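All figures in this text were calculated on a predicted structure; none of them were measured in a lab.
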Amino acid sequence: MAMYKEVIRIRFLMMLAYRVNYYSGIIIYSINIGAYVFLWHAVYGGKPSIQGFTAIQMATYIAISWMARAFYYNNLDREIAEEIRDGSVAIQIIRPYSYLMVKVFQGFGEGLFRLFLFSIPGMIIVSFIYPIQLTTNPLVWTQFLISLLFGFIVNVEVNLIVGLFAFFILNNQGILWAKRFLVDLLSGLIIPISFFPAVLQKIFAFLPFQAISYIPSNTLVKGLSIHQWLPAIGVQFVWTIILALICWGFWSKARKTLIVQGG
């Protein structure tokens, strides 16, 4: 674990070297949030609520979802693909550590940087600009943070699986773009899942994407009771295990089919 703690520290310091990009990112995210807030304000058109969300809850949901995205978002899939293309993955595989675990902790180090220097400052700024309402209940915040951590793990596992596709198809750029769009849409970032038709909601219930953004954001916005939250966190936990097994299966197969380009 000492080695993985060092991996987290190094990735955090690497991100710190480019912190100006993330300070400017707060402005960009604030503009994105504003665009969606005004769009949904027009959709509501004075209605008290739609699909169980009041106008203020929707504005809060948008702000929470985008700032949470800053924590769980990473480019591990792209990094893996690049290391496969340039051949550096061959060196990393023979080193005395788990390649996938290093990627997970690198993502966590990046996530911690984004959380403390992007998400939290950004949320404070956004709260003064847009009409959002955050709970003061410490239990709800604890539930949210636990759920957000599971959302991060699920997103990392999805990225690892997509990145490992490069072992088999060598160029997975198309999959990377498709994955990014699907995660943003099906995780509830752009549109809350409860706004989709009932048929699609049932389909989405069998997909892991809701565990990334919708469940954590809904936990905080709706202030779920412990009896409502436990089934939700159970869904996230189950997908964490399922995706971990898929990652391990892909990795076991990928190491046997490695073709180094260049290197």
Inset, instruction - Of all the heavy-atom pairs spanning Tyr73 and Asn155, show the shortest one and how long it is. - result: CA-ND2, 4.2 Å

Inset, instruction - Answer yes or no: is there an ion pair linking Glu79 with Arg11, defined by an N-O contact shorter than 4.0 Å? - result: yes

Inset, instruction - Of all the heavy-atom pairs spanning Ser194 and Tyr214, show the shortest one and how long it is. - result: CB-OH, 3.6 Å

Legend entry - Polar side-chain atom of Tyr130 near backbone of Ser30 as donor-acceptor pair, under 3.5 Å: yes

Legend entry - Under 3.5 Å donor-acceptor, Gln236 side chain and Ala211 backbone: yes

Legend entry - Side-chain (Thr54) to main-chain (Gln57) donor-acceptor, under 3.5 angstrom: yes

Legend entry - Tyr97 atom OH, over 12 foreign heavy atoms within 6.0 Å: yes

Inset, instruction - State, yes or no, whether a side-chain contact exists between Ile31 and Ile27 at a heavy-atom distance under 4.5 Å. - result: yes

Inset, instruction - Measure from the side-chain N and O atoms of Ser65 to the backbone N and O of Leu189, and report whether any donor-acceptor pair falls under 3.5 Å. - result: no

Inset, instruction - Measure across Phe71 and Leu115 and return the closest heavy-atom pair with its distance rounded to 0.1 Å. - result: CD1-CB, 3.8 Å

Legend entry - Residue pair Thr240 / Glu157, side-chain donor-acceptor N/O under 3.5 Å: no

Inset, instruction - Decide whether Val238 and Phe150 are clustered together by the hydrophobic rule: side chain heavy atoms of Ile, Leu, Val, Met, Phe, Trp, Tyr closer than 4.5 Å, transitively. - result: no

Inset, instruction - Spell out, as yes or no, whether a donor-acceptor pair under 3.5 Å connects the side chain of Ser127 to the backbone of Ile124. - result: yes

Legend entry - Axial cation check for Phe196 ring with Lys202, 6.0 Å and 45° limits: no

Inset, instruction - Would you check if the distance from the ring center of Trp40 to the ring center of Phe195 is below 6.0 Å? - result: yes

Inset, instruction - State whether a side-chain donor-acceptor pair under 3.5 Å links Tyr72 with Asn74. - result: no

Legend entry - Phe118-Phe113 aromatic ring centre distance below 6.0 Å: no

Inset, instruction - State, yes or no, whether a side-chain contact exists between Ile193 and Phe209 at a heavy-atom distance under 4.5 Å. - result: no

Inset, instruction - For Gln133, look at atom CD and say whether over 12 heavy atoms of other residues, nucleotides or ligands are found less than 6.0 Å away. - result: no

Inset, instruction - Say whether Gln106 and Tyr4, considering side chains only, have a donor N or O and an acceptor N or O under 3.5 Å apart. - result: no

Legend entry - Trp251-Tyr99 aromatic ring centre distance below 6.0 Å: yes

Inset, instruction - Would you kindly say whether Asn159 and Lys179 are connected by a side-chain donor-acceptor distance under 3.5 Å? - result: yes

Inset, instruction - Without swapping roles, check the side chain of Glu83 against the backbone of Ile80 for a donor-acceptor pair under 3.5 Å. - result: no

Inset, instruction - Write down the atom of Val154, the atom of Leu243, and the distance for their closest heavy-atom approach. - result: CG1-CD1, 3.6 Å

Inset, instruction - Sorted by first residue and then second, give each salt bridge (charged side-chain N to carboxylate O under 4.0 Å, His left out) pair with at least one member in residues 51-71; sequence neighbours left out. - result: Arg69-Asp184

Inset, instruction - Would you name the heavy atoms of Ile64 and Ser217 that are closest together and state the gap between them? - result: CG2-OG, 3.8 Å

Inset, instruction - Start with the C-alpha gap between Asp77 and Leu160, add the side-chain angles, then the distance that decides, and say whether side chain to side chain contact (heavy atoms under 4.5 Å, CB included) holds. - result: CA-CA 6 Å; Asp77 46 5; Leu160 291 179; over 6 Å; no

Inset, instruction - May I ask you to decide whether Glu82 forms a salt bridge with Arg78, counting only side-chain N to carboxylate O separations under 4.0 Å? - result: no

Legend entry - Side-chain donor or acceptor of Ser119 paired with backbone N/O of Met67 under 3.5 Å: yes

Legend entry - Distance (rounded to the nearest 0.5 Å) between Ile153 CD1 and Leu148 CG: 10.0 Å

